[in-house]
Amino acid sequence: MSSIYIFLVFVLLLEQTKPTVCKTNSACTDNMDSMMFQVIWAGLKSLKHEPNNQNNGGKATGGSNYIQWGRSTCTSRNSKLVYDGYTGGSSHTKEGSAVNHLCLPKQPQWGVYDAKVNNNPFVGAAVFNIYDIDIKNSLFDKSKYDGYSFPCAVCHTKIGSSTLMIPGRKDCIGDWNKEYTGYLMSGWPDHKSATEYICVDADSERLKKASSWTNKSILYAVAAKCNGVLPCPPYVDGREMTCVVCSK
C-alpha cells in the first residue's frame, strides 16, 4: 500500500508544471532533489499512519475491552460484543469473599473436578437490592428490579486503546467517547464482605428473581456522602451517583 502511495505522489509531482529551462546545472539538480525529498517524505508519513495489519490476518489491531454491566449487548456503535453472560459475585455475608464481580459466560467449560459441595471460594449470580428508593421506569424501579439477577456483556471498542469509568458523570470529559452511562453500585457498608464499585447500565435488563438473599452478591445504589471533606455543593448528600464508561 505504501509503495503504491509513493508512486502516485511521484506521478503527480511529474505532472506539475515543468520549470523553465534551468540556467545552471546546479539549479536543475536542486529542483530534482526537492522533488525527490517530497516523494520520500510523503512515503514516510504514509508508513507512520498506516495500521499494522501484518500479524493479524489483515485486520486492524488494538482497541480496549470493558464490561457493560446490566446488558446482554454492547450498546455503543463503536464496540463489538465478545460474549454475554451473567453478573457473578461472592457471598455478602462472608468476610473472606472475593471483592470483584465477574461476567460469567453462558457456556462454561470444565477441567478436573470432584462431586463435593464444600466451603471453598465460590462465584454465583449477583442481584439488585432496591433499598429505600422506588422511582418508576428507572433502574430504581422496585417492582421491576428488586431481587433480580442481571446480565453483562464483555465488549471490545474499536476506536480506542483505553477505557475509563468516571463516577458522578453522565457524559465523558474532553475527547473521550461514551460507551454507556448508568448508576454506580456496590455492596452494603454493614455487610461483612467488601465489594467494588461498578457502573450498571441505566437501562439494565433483568434475569431471574431470587428466592432468598443467601449466598448472593447484593448490589445497592451508591449515594454521595457529604462527610466534611467532600465538597457539597457541587455534590449533594444522599443523591444517587451516576457513572459513565468512556474510551479513547
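Everything quoted here is computed from the prediction, not taken from an experiment.
In this structure a side-chain-to-backbone donor-acceptor pair under 3.5 Å is present from S204 to G70. Although no hydrogens or angles enter the test, the distance criterion places a donor-acceptor pair under 3.5 Å between the side chain of S149 and the main chain of K208. Remark: side-chain polar atoms of S217 are not paired, donor with acceptor, to backbone N or O of G89 under 3.5 angstrom. In this structure, the side chain of Y83 engages the main chain of C103 through a donor-acceptor pair within 3.5 Å. The backbone N or O of Y66 lies less than 3.5 Å from no partner atom in the side chain of T163, so there is not a single donor-acceptor pair.
The two residues A223 and M241 have their closest heavy-atom pair at C-CG, 4.0 Å. Residue W176 comes nearest to I173 through the heavy atom pair CD1-O, 3.2 Å, listed as atom of the first residue, atom of the second, then distance.
In the hydrophobic clustering of ILVMFWY residues, with side-chain heavy atoms under 4.5 Å counting as a link, L184 and V236 come out apart. Two different hydrophobic clusters hold V123 and L219 under the rule that ILVMFWY side chains link at heavy-atom gaps under 4.5 Å. If you chain together hydrophobic residues whose side chains sit under 4.5 Å apart, W69 and V82 fall into the same group. Connection of I130 to I198 is established within a shared hydrophobic cluster, with ILVMFWY side chains joined at heavy-atom distances below 4.5 Å, either directly or through further cluster members. The hydrophobic cluster containing M185 also contains Y180, counting ILVMFWY residues as joined when their side-chain heavy atoms lie under 4.5 angstrom apart, directly or transitively.
By the 4.5 Å heavy-atom criterion applied to side chains, K158 and N78 are not counted as neighbours. A heavy-atom distance below 4.5 Å is not found between the side chains of K225 and Y235. Between L139 and K144, every side-chain heavy-atom pair lies at or beyond the 4.5 Å cut-off. Looking at heavy atoms from C-beta onward, V245 lies out of side-chain contact with Q68 at the 4.5 angstrom threshold. At a threshold of 4.5 Å between non-hydrogen side-chain atoms, the residues D141 and S143 count as touching. Using a 4.5 Å heavy-atom threshold, the side chains of N177 and I159 count as touching. For the pair C243/R169, no side-chain contact is recorded, criterion being any heavy-atom separation below 4.5 Å from C-beta on. Put simply, the side chain of E205 does not reach to within 4.5 Å of the side chain of F150, judged on heavy atoms.
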Give the C-alpha distance, both sets of side-chain angles, the deciding distance and a yes or no for side chain to side chain contact (heavy atoms under 4.5 Å, CB included) between M165 and V244.
CA-CA 6 Å; M165 190 273 280; V244 62; over 6 Å; no
Given the rule in the side chain to side chain contact (heavy atoms under 4.5 Å, CB included) test, do D175 and K248 qualify, once you have shown the distances and angles that lead to the verdict?
CA-CA 8 Å; D175 57 351; K248 181 178 179 181; 3.1 Å; yes
Are N129 and W213 close enough, and set up right, to give a side chain to side chain contact (heavy atoms under 4.5 Å, CB included), and what steps lead you there?
CA-CA 9 Å; N129 190 329; W213 302 112; 3.8 Å; yes
Does T195 form a side chain to side chain contact (heavy atoms under 4.5 Å, CB included) with W188? I'd like the steps, not just the answer.
CA-CA 8 Å; T195 58; W188 190 255; over 6 Å; no
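More than 12 heavy atoms of other residues, nucleotides or ligands sit less than 6.0 Å from atom NZ of K209. Around the CG atom of N227, the shell of radius 6.0 Å holds more than 12 heavy atoms that belong to other residues, nucleotides or ligands.
Once rounded to the nearest 0.5 Å, the distance linking CD1 of I67 with CG of L102 reads 7.5 Å. If you take CG on D84 and OG on S72, they are separated by 5.5 Å, rounding to the nearest 0.5 Å. The structure places CG of L104 at 6.5 Å from SG of C152, a figure rounded to the nearest 0.5 Å. Taken from CG in D171 to SG in C246, the straight-line distance is 8.5 Å, to the nearest 0.5 Å. Note that CD1 of I166 and OG1 of T181 are 10.0 Å apart. Values are rounded to the nearest 0.5 Å.
The pair K136-D134 counts as a salt bridge, with a side-chain nitrogen and a carboxylate oxygen less than 4.0 angstrom apart. Contact check on D203 versus R71 returns a salt bridge, with a Lys/Arg side-chain nitrogen under 4.0 Å from an Asp/Glu carboxylate oxygen.
Each of Y145, Y183, Y131 was evaluated against F140; a single residue qualifies, Y183, per the ring-ring contact (aromatic ring centres under 6.0 Å, His included) test.
Checking S186 against E196 by side-chain atom types alone, no donor-acceptor pair falls below 3.5 Å. Counted by atom type alone, S64 and H156 present zero donor-acceptor pairs between their side chains at under 3.5 Å.
For the pair R206 and Y148, the cation-pi criterion (under 6.0 Å, within 45° of the ring axis) is fulfilled.
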